Amino acid sequence: MEIENRKVTREAFFRERDLVLAAWPTGEGLSLEEGFRYQNSLPERKRFAAVLNKAEEEGRVLIQPRAGVALVDEHIKLLKYLEEESDLLPTTIDAYTRQNRYKEAEEGIRRSEAAGHSLLNGFPAVNHGPEACRRIIESIEKPVEIRHGTPDARLLAEISFTAGFNSFEGGGISYNIPYAKKVTLEQSIRDWQYCDRLAGIYEEEGIRINREPFGPLSGTLVLPYISHSVAIIEGLLALEQGVKSLTLGYGQAGNMVQDIAAIQTLKELAHKYFRQMGYEDYELSTVFHQWMGGFPEDEARAFSVISWGGAIAAFAGATKVIVKTPHEAMGIPTKEANLQGLKSTRQIIQMLGDQCAINIAELAREKEIIHREVDAVMSAVLEAGGGDIARGAVKAFEAGIIDVPFAPAACNMGKLLPVRDHQGAVRIFDPGNAPLPDDVLAFHRDQVAERAAAEERDPCFQMVIDDIYAISKGRLVGRPHK
Ligand code: 5AD
């Protein structure tokens with residue numbers, strides 16, 4: 001399949017649209033005009049992009065939970081329960097819908113109705129259809145985003161935008177590499193060009209749809225330069241299709257300086273590449289994800305991880321933070337646990353909001369490293385694609401120029417290995433084919449060597465394993481047992 005970063009023509013879009021809508025009965029006859037009419041009728045407080053922009057201007061950090069259950073009324077009840085403590089709300093989609101398995105989602109709805117509680121791990125928006133989904137938007141006074149993990153989200157996007165949702169997470173790389181095994185990048189990038197083009201068509205009617213590429217990727221020791229490169233590429237792909245509101249994300253890695261540097265450089269580098277590629281007319285915000293790796297089972301310990309994530313979001317000046325719950329180690333949280341995550345995050349953000357920004361010397365070094373890494377990767381991606389960022393992205397994954405640690409996708413090389421340094425920052429243990437400058441690679445080696453010396457062991461794969469489990473066992477760095 002040939003792929004390029006070019007705006008999908010209206011003709012090609014509408015040809016494809018007929019097939020997209022035919023995939024499930026709730027898509028049949030879906031009217032764009034009805035979506036435009038309803039979105040235009042929404043007050044400012046229900047418009048995601050407007051609320052994000054205001055927070056950016058005021059330098060406030062917004063908080064947003066994850067939440068989704070099988071049935072519409074229960075889902076509305078859940079969101080209402082979380083509404084007061086949240087600035088932004090989600091509708092988290094279930095795993096069947098994410099894989100376009102609507103028949104099984106239907107079965108899950110029936111069984112949930114019979115059981116009297118949710119037997120799905122999220123909200124099956126496609127099966128419920130646009131009218132039922134719109135009841136959510138009608139019932140909630142804050143903006144609501146669709147959050148999922150869907151390689152082919154075309155029908156989900158159609159139904160969501162018609163229903164009145166005006167923020168949509170995901171992207172052709174970030175919703176493939178961590179979520180799918182066998183979907184090709186050509187396919188998922190194509191299918192997401194459709195989603196972005198649909199957002200662009202709403203934009204042509206004066207309706208802003210906020211788009212949020214999924215920052216954390218595998219959520220496991222992902223170096224900032226890797227997720228930044230993906231976020232910037234997905235941002236560029238979205239801008240080309242006419243998207244004007246972008247929120248780029250990053251998942252907390254655990255070292256304070258590295259995490260603050262990551263959020264700050266994400267914004268700087270995105271502006272740099274967007275403008276360099278000729279895009280001027282867009283709104284950019286950032287999202288910080290509280291720790292996405294393994295959590296402690298003990299709820300008091302989990303609160304500590306949650307609160308530290310809130311603190312870093314505040315120090316870094318992220319526009320919003322996605323909040324974890326004390327039930328993270330167990331699975332889908334109860335509504336009470338969900339609310340507790342929000343409250344502990346709110347408490348620390350408000351306490352830190354009044355303090356001035358952190359500006360320690362190490363921050364400049366860390367930011368400089370990330371800038372140099374992203375510049376090296378972006379130029380290799382562009383070169384691989386002959387100047388085309390979509391083609392470049394596909395080639396970059398084939399060649400290991402971008403290599404996401406611990407990702408399930410077959411199209412990801414999986415040669416690069418990360419490990420923590422002595423201070424817990426994520427560094428490179430084995431670079432695989434990463435096209436980084438020699439002195440940057442030497443820096444990573446030195447940082448890892450410092451830790452190894454302190455632990456009286458050679459840098460080894462066991463360190464990587466120890467690091468993966470460290471936080472759930474109460475530490476940042478996976479030290480050997482003594
Ligand atoms: N409700 C609440 N949280 C959810 N997550 C996934 N689905 C739901 C849901 N329906 C959370 C997981 C994990 C993150 C990736 O999303 O607990 O923290």
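Start at 1 and go down the list; that is how both ligands and their atoms are numbered. As the structure is a computational prediction, the values presented were derived from the model and not from experiment. All values below come from the heavy atoms of this structure, side chains included, with hydrogens, waters and symmetry mates left out.
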Extract all N/O-N/O pairs under 3.5 Å that connect ligand 1 to the protein, and present each with both atom names and the distance rounded to 0.1 Å.
unit_1, atom_1, unit_2, atom_2, d
ligand 1, 10 (N), Gly68, N, 3.4
ligand 1, 10 (N), Gly68, O, 2.9
ligand 1, 10 (N), Asn121, O, 2.8
ligand 1, 16 (O), Arg66, NE, 3.4
ligand 1, 17 (O), Glu328, OE1, 3.0
ligand 1, 18 (O), Lys324, NZ, 2.7
ligand 1, 18 (O), Glu328, OE1, 2.5
ligand 1, 18 (O), Glu328, OE2, 3.1

Quiz item: Any ion pair linking Glu131 and Arg134 (charged N to carboxylate O, less than 4.0 Å)?
Solution: no

Quiz item: In chain order, what residues pass the side chain to side chain donor-acceptor pair (under 3.5 Å) check against Lys473, with sequence neighbours excluded?
Solution: none

Exercise. Compute the centroid of each ring, for Phe214 and then for His289, and state whether the two points are separated by less than 6.0 Å.
Key: yes

Exercise. Please identify each residue that fulfils side chain to side chain donor-acceptor pair (under 3.5 Å) with Ser188, with sequence neighbours left out.
Key: Asn176

Quiz item: Got a sec, which residues hit ring pair (Phe, Tyr, Trp, His ring centres under 6.0 Å) with Tyr469, two or more places apart in sequence or on another chain?
Solution: none

Quiz item: With ring centroids as reference points, do His327 and Phe295 lie under 6.0 angstrom apart?
Solution: no

